[in-house]
Chemist: 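Sharing a structure below in structure tokens format, with a few things to ask.
Quick caveat: nothing in here was measured; it's all calculated off a predicted structure.
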Amino acid sequence: MGVSKHSWKTCLKIILIALVPGLFLTGCWDSDDIEQRATILGISIDKVDEVDGEDLAQITGLGNQFPKPKDGLIKLSAQIAVPGRIPLGPQTGGAGVEQNPLWVISVVGYTLDDAIAVLQQEVADRLFFGHLRTIVISEDVAKDGVKRFNDYLRRNPEIRRTAWMVVSKGEAKKFMEVAPKLERVPTLYLSAMVENAVGLGTFPEDFIGLFWTKLQSKGQDTFLPYLELKKEDNIQISGLAYFKDDRMIGRTEPVEIGLFMAVTGEKIGGYEVFVEVPDSDDKVIVRAEHRRSSIKPTLRNGKPHMDIKIHYESTIGEGAVGVDLNNPEIVRKIEIEATKGVKEGTSKLIKKMQDEQSDIFGFGEYFRAKQPDYWNKEIQTKEKWREVYKDMTYDIQCTSKIRRVGTKAK
């Protein structure tokens, strides 16, 4: 008794239905277990003197096959997570010897890619950059230029654009070895520090993806967080490291970060400043809570001019004993004095950046967007914009409103 044609078709359909899903379930054939790769959480880049650079590992070239780069050799330090030792919660006491969750290793190379190739020779597992959070470059390296590192970082698909690049005062390697009290993994503390500063309104958002975008912009220069290592492994954001092209040319003071954010319109305010109370010797601390700004590019006599309007919503953080903050006239005088201080400080900062020819505010981009005919005819390039930017005129209008003065017992 033979099998019907209909039965064969049914069996064939069943077989195909059973086999087809298997084609989509083969994603683990090239899996790489987490224990079999070296997860890099942070890297630092320092300059190397000639003595340290004499004994180079011959991995990417033989002997003196390649001349030393004009910017010098680099020392790459990598913070590698030790599998099974990264803490997942708060530190607790207990018996036994505490094990270090990190391994910091340093190598010397001609370029960043060369140094990583040397690093791979010294680490058994494959290097993995998918969890890279922070790239620390020393001030000396930043002043020589970061363009030679950007090529490798942008080509590597494992490196996230949300990682942070920061500039360190002094040796960058020290930031791979610090032991902050609030976090046993230094790079996680570093990244959390700058990310929380953005949320608190004390630093503008500037992860590495934004940095690269601004670096390619025709009407804006770049900046990075400038970090300083204090006593007892404390880390402080000590200003903005501002750039001209890919080279760092200076840094601002910490209080000037707030002025910069006021111009660029960062809404959350996080800085406090002393304000003198008119007609007295007293001072109060005024805290910026919210701010908004508008920037309008115009032409005056054929020359670029910028109209900048800034508005603050503030509170009194601390008042002097002899100041009657329940008096609206006194509060209004404090508002006027605070407005005067912001206007003067902002004007000085813009003038300073003009003298340095570093447009970290992005004024050039406003002219590209709002005055395209002028830009396409008179500017066109970043170099030309810098020449015009240093002589750009501007007007600053600033207003301030103190919403809360606090209460105290009588």
Side-chain angles (χ1 to χ4, degrees), residues 42-49 69-77 111-112 115 134-154 163-176 190-191 193-194 197-198 202-229 235-257 259-261 263-264 348-364 382-383 385-386 389-390:
I43 60 175
S44 67
I45 304 173
D46 289 290
K47 294 184 72 172
V48 159
D49 57 39
K70 63 180 181 178
D71 293 327
L73 301 168
I74 63 170
K75 178 171 69 175
L76 173 73
S77 301
T111 65
L112 181 57
T134 312
I135 302 166
V136 185
I137 56 178
S138 68
E139 185 173 351
D140 290 337
V141 171
K143 288 181 177 180
D144 286 340
V146 299
K147 187 177 296 184
R148 57 177 175 153
F149 310 123
N150 286 339
D151 185 64
Y152 174 82
L153 295 173
R154 297 181 73 169
W164 282 84
M165 180 183 286
V166 301
V167 177
S168 70
K169 180 179 180 180
E171 186 182 13
K173 181 184 176 182
K174 293 180 180 179
F175 287 80
M176 296 292 102
L190 277 177
S191 61
M193 182 179 185
V194 289
V198 173
T202 57
F203 198 86
E205 193 169 50
D206 188 48
F207 46 82
I208 195 170
L210 290 176
F211 175 78
W212 289 335
T213 300
K214 295 172 184 175
L215 194 60
Q216 300 297 322
S217 170
K218 292 182 179 181
Q220 185 170 14
D221 287 295
T222 56
F223 61 88
L224 289 174
Y226 184 85
L227 303 186
E228 184 177 355
L229 195 61
I235 301 172
Q236 175 180 296
I237 300 178
S238 296
L240 290 173
Y242 54 89
F243 288 67
K244 186 176 180 180
D245 289 327
D246 71 313
R247 297 177 184 271
M248 174 185 169
I249 57 175
R251 74 172 181 92
T252 69
E253 297 298 329
V255 70
E256 291 179 316
I257 300 176
L259 298 174
F260 168 79
M261 296 173 68
V263 175
T264 56
K348 289 180 180 179
L349 179 61
I350 294 176
K351 185 63 172 64
K352 177 182 177 181
M353 293 298 102
Q354 286 182 296
D355 293 339
E356 298 277 9
Q357 293 188 25
S358 177
D359 183 9
I360 59 175
F361 304 98
F363 290 145
K382 199 168 193 174
E383 292 72 20
W385 168 245
R386 288 202 180 102
Y389 165 67
K390 67 180 181 180

Chemist: Could you go step by step and tell me if V136 and I45 meet the side chain to side chain contact (heavy atoms under 4.5 Å, CB included) rule?
Modeler: CA-CA 6 Å; V136 185; I45 304 173; over 6 Å; no

Chemist: Looking only at heavy atoms, what is the nearest atom pair of I137 and A142, with distance?
Modeler: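 Nearest pair, atom of I137 first, then A142: CD1-CB, 4.0 Å.
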
Chemist: Run the salt-bridge test on E139 and K143 with the 4.0 Å N-O cut-off and return the result as yes or no.
Modeler: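 Looking at K143 together with E139, the answer is yes, because their closest N to O distance falls below 4.0 Å.
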
Chemist: Closest heavy-atom contact between A172 and D46?
Modeler: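 Scanning both residues completely, I find the closest heavy atoms to be N-OD1, 2.7 Å.
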
Chemist: Check the pair E356 / S358 against side chain to side chain donor-acceptor pair (under 3.5 Å), numbers first and verdict last.
Modeler: CA-CA 5 Å; E356 298 277 9; S358 177; over 6 Å; no

Chemist: What's the spacing between F243 CZ and D359 CG if we round to 0.5 Å?
Modeler: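 It comes to 15.5 Å.
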
Chemist: So, using side chain to side chain contact (heavy atoms under 4.5 Å, CB included) as the criterion, who are the partners of Q357 when residues are at least two apart?
Modeler: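 Residues passing side chain to side chain contact (heavy atoms under 4.5 Å, CB included) with Q357: K244, R386, K390.
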
Chemist: May I ask you to decide whether D245 forms a salt bridge with K147, counting only side-chain N to carboxylate O separations under 4.0 Å?
Modeler: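 No salt bridge links D245 with K147.
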
Chemist: Can you tell if the side chain of V198 reaches within under 4.5 Å of the side chain of F207, non-hydrogen atoms only?
Modeler: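 Not touching, per the 4.5 Å side-chain cut-off.
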
Chemist: Begin from the C-alpha positions of V194 and F203 and carry the test side chain to side chain contact (heavy atoms under 4.5 Å, CB included) through to its verdict.
Modeler: CA-CA 7 Å; V194 289; F203 198 86; 5.7 Å; no

Chemist: How long is the gap from CD on Q216 to CZ on F211, to the nearest 0.5 Å?
Modeler: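 If we round to the nearest 0.5 Å, Q216:CD and F211:CZ are 10.0 Å apart.
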
Chemist: Taking the side chain as C-beta and beyond, is there a heavy-atom pair between Q236 and L229 under 4.5 Å?
Modeler: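 Sidechains of L229 and Q236: no contact.
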
Chemist: What's the verdict on salt bridge (charged side-chain N to carboxylate O under 4.0 Å, His left out) for D144 and K47, showing C-alpha distance, side-chain angles and the deciding distance?
Modeler: CA-CA 10 Å; D144 286 340; K47 294 184 72 172; 2.9 Å; yes

Chemist: If you define the side chain from C-beta out and look only at heavy atoms, does anything of L215 sit under 4.5 Å from T222?
Modeler: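 Result yes, sub-4.5 Å side-chain heavy-atom pair found.
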
Chemist: For the atom pair CE (M176) and CD (E171), what is the distance rounded to the nearest 0.5 Å?
Modeler: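 Between M176 CE and E171 CD, I get 11.0 Å after rounding to 0.5 Å.
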
Chemist: In this structure, are over 12 heavy atoms from other groups packed under 6.0 Å from K382 atom NZ?
Modeler: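 Above 12, so yes.
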
Chemist: Supply the atom-to-atom distance I208 CD1 to T134 OG1, rounded to the nearest 0.5 angstrom.
Modeler: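 The OG1 atom of T134 is 10.5 Å from CD1 of I208, to the nearest 0.5 Å.
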
Chemist: Verify, without hydrogens or angle tests, whether Q220 (side chain) and S217 (backbone) share a donor-acceptor contact under 3.5 angstrom.
Modeler: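 Pair absent, no side-chain N/O of Q220 close to backbone of S217.
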
Chemist: Would you mind reporting whether L210 and E205 have side-chain heavy atoms less than 4.5 Å apart?
Modeler: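 Yes, at least one pair of side-chain atoms sits under 4.5 Å.
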
Chemist: Check G170 against S138 and note the closest heavy-atom contact, atom names and distance.
Modeler: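 Heavy-atom minimum between the residues: O-CB, 3.5 Å.
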
Chemist: Got a second to check how far L190's CG is from M193's CE, nearest 0.5 Å?
Modeler: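 Reported to 0.5 Å precision, the distance equals 8.0 Å.
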
Chemist: Evaluate the side chain to side chain contact (heavy atoms under 4.5 Å, CB included) criterion for residues M248 and V141: first the C-alpha distance (whole Å), next the side-chain angles of each, then the deciding distance (0.1 Å), finally the verdict.
Modeler: CA-CA 9 Å; M248 174 185 169; V141 171; over 6 Å; no

Chemist: For I360, does its backbone N or O pair with a side-chain atom of D221 as donor and acceptor, under 3.5 Å?
Modeler: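 No, D221 side chain to I360 backbone: no donor-acceptor pair under 3.5 Å.
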
Chemist: Of the non-hydrogen atoms in I257 and I237, which two are nearest, and what is the gap between them?
Modeler: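 Answer, listing the atom of I257 first, then I237: CD1-CG2, 4.1 Å.
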
Chemist: Would a 4.5 Å heavy-atom cut-off, applied to side chains only, mark V48 and I74 as touching?
Modeler: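 Not in contact.
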
Chemist: Identify the heavy atoms of W164 and P204 that sit nearest to each other, and give their distance.
Modeler: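 Where W164 meets P204 most closely, the heavy atoms are CH2-O, 4.1 Å.
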
Chemist: Quick one: side chain to side chain contact (heavy atoms under 4.5 Å, CB included) partners of T202, sequence neighbours excluded?
Modeler: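 Only A197, L200, Y271 meet the side chain to side chain contact (heavy atoms under 4.5 Å, CB included) criterion with T202.
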
Chemist: Without swapping roles, check the side chain of R251 against the backbone of Y242 for a donor-acceptor pair under 3.5 Å.
Modeler: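 A pair under 3.5 Å: no.
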
Chemist: F149: which residues meet the ring-ring contact (aromatic ring centres under 6.0 Å, His included) condition with it, sequence neighbours left out?
Modeler: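 Per chain and number, F149 pairs via ring-ring contact (aromatic ring centres under 6.0 Å, His included) with no residue.
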
Chemist: With rounding to the nearest 0.5 angstrom, report the CZ to OG1 distance, F223 to T252.
Modeler: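 F223 CZ to T252 OG1: 10.0 Å, rounded to 0.5 Å.
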
Chemist: Apply side chain to side chain contact (heavy atoms under 4.5 Å, CB included) to the pair M353 and Y389, showing each step before the final yes or no.
Modeler: CA-CA 9 Å; M353 293 298 102; Y389 165 67; 3.3 Å; yes

